Protein chains: 2
Amino acid sequence: MCREHGLALTIQRRTILEELAARTDHPTADQIYEAIKDLLKGVSKTTVYRVLETFVSFGIVRKVSNPEAKARFDADTSRHHHATCLHCGLVMDVHDQDLNKLKFPVHIVNGFEFVDYSINFTGLCTHCRTARGNVGPR
Amino acid sequence: MCREHGLALTIQRRTILEELAARTDHPTADQIYEAIKDLLKGVSKTTVYRVLETFVSFGIVRKVSNPEAKARFDADTSRHHHATCLHCGLVMDVHDQDLNKLKFPVHIVNGFEFVDYSINFTGLCTHCRTARGNVGPR
DNA sequence: CTCCGTGCAAAAGGTTTGCACTGGT
DNA sequence: ACCAGTGCAAACCTTTTGCACGGAG
């Protein structure tokens with residue numbers, strides 16, 4: 001997989017991807033580090049961050065939650081949804097009645113009590129779509 | 001609104017909430033600070049964080065994105081959804097074919113090019129539901 | 001008048017960067 | 001052998017905490 005993208009296959013990349021692929025709990029960079037530091041004596045946390053970031057930029061791995069991992073606040077507490085620009089991180093509200101009618105997938109996770117949901121659309125905002133390539137992310 | 005919750009009505013709380021309510025771009029704490037520091041000479045960033053956190057805990061304001069503001073990674077890049085426990089922050093995968101059939105709300109945002117979407121369900125996991133009150137968040 | 005709320009400064013994470021060295025190719 | 005990738009340490013940035021003062025109720 002690394003080869004396909006022209007990346008050197010290092011033991012760190014292999015171990016980190018194997019660890020991440022083996023779990024479904026969406027670990028943080030630190031959790032990955034904790035999990036592999038025994039198998040890979042001497043790995044640095046820096047490498048974990050760098051490798052994960054590399055994977056993300058090649059689409060091998062996905063980042064859950066907002067790209068910048070900063071807290072964002074919203075005074076509108078009614079059910080509504082969001083559209084996030086993959087390029088610049090802009091977040092816009094999406095109000096759509098149809099999207100508020102989803103039935104909760106109660107059958108899926110036994111024991112989990114559902115309270116609410118929110119849909120996050122990803123894509124490219126007008127500005128980034130027209131100015132593609134001219135502006136860096138963030 | 002502050003009164004309703006037994007909170008003192010301070011000029012800081014009023015200004016911060018007014019600023020947040022006036023915009024729909026889901027600002028970060030820092031963006032709020034930048035926006036109000038001129039109207040409110042001498043306000044500290046600490047206060048912005050504290051006031052926002054207070055509002056969140058009273059349900060007046062919502063936090064967009066993950067509660068801990070840490071980056072989380074996922075090796076599964078196919079379309080799937082997540083359920084987040086409001087109490088302990090646990091994130092679980094939700095695989096459900098029906099949820100993958102949403103039609104994009106193309107009409108909503110002119111110019112926005114939709115690529116994909118992901119639904120985030122919030123609620124309480126089995127553990128926190130049974131142990132409610134015994135364990136603190138995180 | 002009494003506390004809650006604020007400001008300041010410093011600490012506490014999480015994440016990024018500069019630089020020299022090492023291991024893939 | 002060359003250069004991408006790694007490790008280390010320090011920098012950076014966001015968020016939290018301790019403490020003393022001041023203003024809301």
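Below, chain A is the first sequence line, B the second, and so on; all start at residue 1. Source: prediction; values computed, not measured. Keep in mind that the numbers below use all heavy atoms, side chains included, and drop hydrogens, waters and symmetry copies.
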Colleague: Rounded to whole Å, please give me the gap between CG in A:Asp30 and P in C:dA12.
Modeller: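 Taking atom P of C:dA12 as the reference, CG of A:Asp30 is at 17 Å.
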Colleague: Please tell me which of the listed nucleotides, C:dG14, D:dG7, C:dG5, lies nearest to the side chain of B:Arg13?
Modeller: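 Ranking C:dG14, D:dG7, C:dG5 by closest atom to the B:Arg13 side chain puts C:dG5 first.
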Colleague: Counting only side-chain N and O atoms of B:Thr47, is one of them less than 4.0 Å from OP1 or OP2 of C:dG7?
Modeller: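 Checking B:Thr47 against C:dG7: at least one side-chain N or O falls below 4.0 Å of OP1 or OP2.
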Colleague: Among A:Asp96, A:Asp74, A:Leu99, A:Asn100, find the one that has a side chain to side chain contact (heavy atoms under 4.5 Å, CB included) with A:His80.
Modeller: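 Exactly one option meets the side chain to side chain contact (heavy atoms under 4.5 Å, CB included) with A:His80, and it is A:Asp74.
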Colleague: Using a cut-off of less than 4.0 Å, is there contact between a side-chain N or O of B:Tyr49 and OP1 or OP2 of D:dT16?
Modeller: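 No, outside the criterion.
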Colleague: When you get a sec, tell me which of C:dG5, C:dG7, D:dG5 is the closest nucleotide to the side chain of B:Leu7?
Modeller: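 Between C:dG5, C:dG7, D:dG5, the one nearest the side chain of B:Leu7 would be C:dG5.
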Colleague: Starting at atom NZ of B:Lys41, determine the distance to atom P of C:dT6, rounded to an integer number of angstrom.
Modeller: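 Distance, rounded to whole Å: 19 Å.
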Colleague: In whole Å, I'd like the distance from the NZ atom of B:Lys45 to the P atom of D:dT16.
Modeller: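 Value for this atom pair: 13 Å.
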Colleague: For DNA chain D, whose closest nucleotide is more 5', that of B:Thr28 or that of B:Arg3?
Modeller: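 Taking each residue's closest nucleotide, the earlier one in sequence belongs to B:Thr28.
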Colleague: Can you tell me if the side-chain N/O atoms of A:Gln12 get under 4.0 Å from OP1 or OP2 in D:dG7?
Modeller: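 Checking D:dG7 against A:Gln12, a side-chain N or O does come within under 4.0 Å of OP1 or OP2.
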Colleague: Could you tell me the separation between the NZ atom of B:Lys37 and the C1' atom of C:dG7, rounded to a whole number of Å?
Modeller: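 After rounding, the gap between these two atoms is 16 Å.
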Colleague: What integer distance in Å separates B:Leu9:CG from C:dT6:P?
Modeller: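 Result: 10 Å.
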Colleague: State, with a plain yes or no, whether a side-chain heavy atom of A:Phe58 is found less than 4.5 Å away from one of A:Val56.
Modeller: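 No - every pair of side-chain heavy atoms lies 4.5 Å or more apart.
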Colleague: Grab the CZ-C1' distance between B:Arg50 and D:dT15 for me, whole Å please.
Modeller: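 These atoms are roughly 11 Å apart.
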Colleague: Among A:Ile60, A:Ile32, A:Thr15, which residue satisfies the side chain to side chain contact (heavy atoms under 4.5 Å, CB included) criterion with A:Leu20?
Modeller: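 Result for side chain to side chain contact (heavy atoms under 4.5 Å, CB included) with A:Leu20: A:Ile32.
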Colleague: Could you work out which one of D:dG25, C:dT25, C:dT6 sits closest to the side chain of B:Ala8?
Modeller: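 Minimum distance to the B:Ala8 side chain belongs to D:dG25.
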Colleague: If a pair satisfies ring pair (Phe, Tyr, Trp, His ring centres under 6.0 Å) and one of its residues is in residues 24-50 of chain A, list it, with sequence neighbours excluded.
Modeller: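 Output for this query lists A:His26-B:His82.
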Colleague: Taking the minimum atom-to-atom distance to the side chain of B:Ala71, which one of C:dT25, C:dT15, D:dT6 wins?
Modeller: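 So the side chain of B:Ala71 is nearest to C:dT15.
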Colleague: What about B:Thr46: does its side chain form a donor-acceptor pair under 3.5 Å with the base of C:dA9?
Modeller: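 Indeed there is one.
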Colleague: For B:Glu53 and C:dC4, what is the distance between atoms CD and P respectively, to the nearest whole Å?
Modeller: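 My rounded result for the distance is 19 Å.
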Colleague: In whole angstrom, give the distance that lies between atom CG of B:Leu52 and atom C1' of C:dT6.
Modeller: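 Taking CG of B:Leu52 and C1' of C:dT6, I get 14 Å after rounding.
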Colleague: Please step through salt bridge (Lys or Arg N to Asp or Glu O under 4.0 Å) for the pair B:Asp116 and B:Arg79, ending with a clear verdict.
Modeller: CA-CA 8 Å; B:Asp116 200 1; B:Arg79 178 178 297 171; 2.6 Å; yes
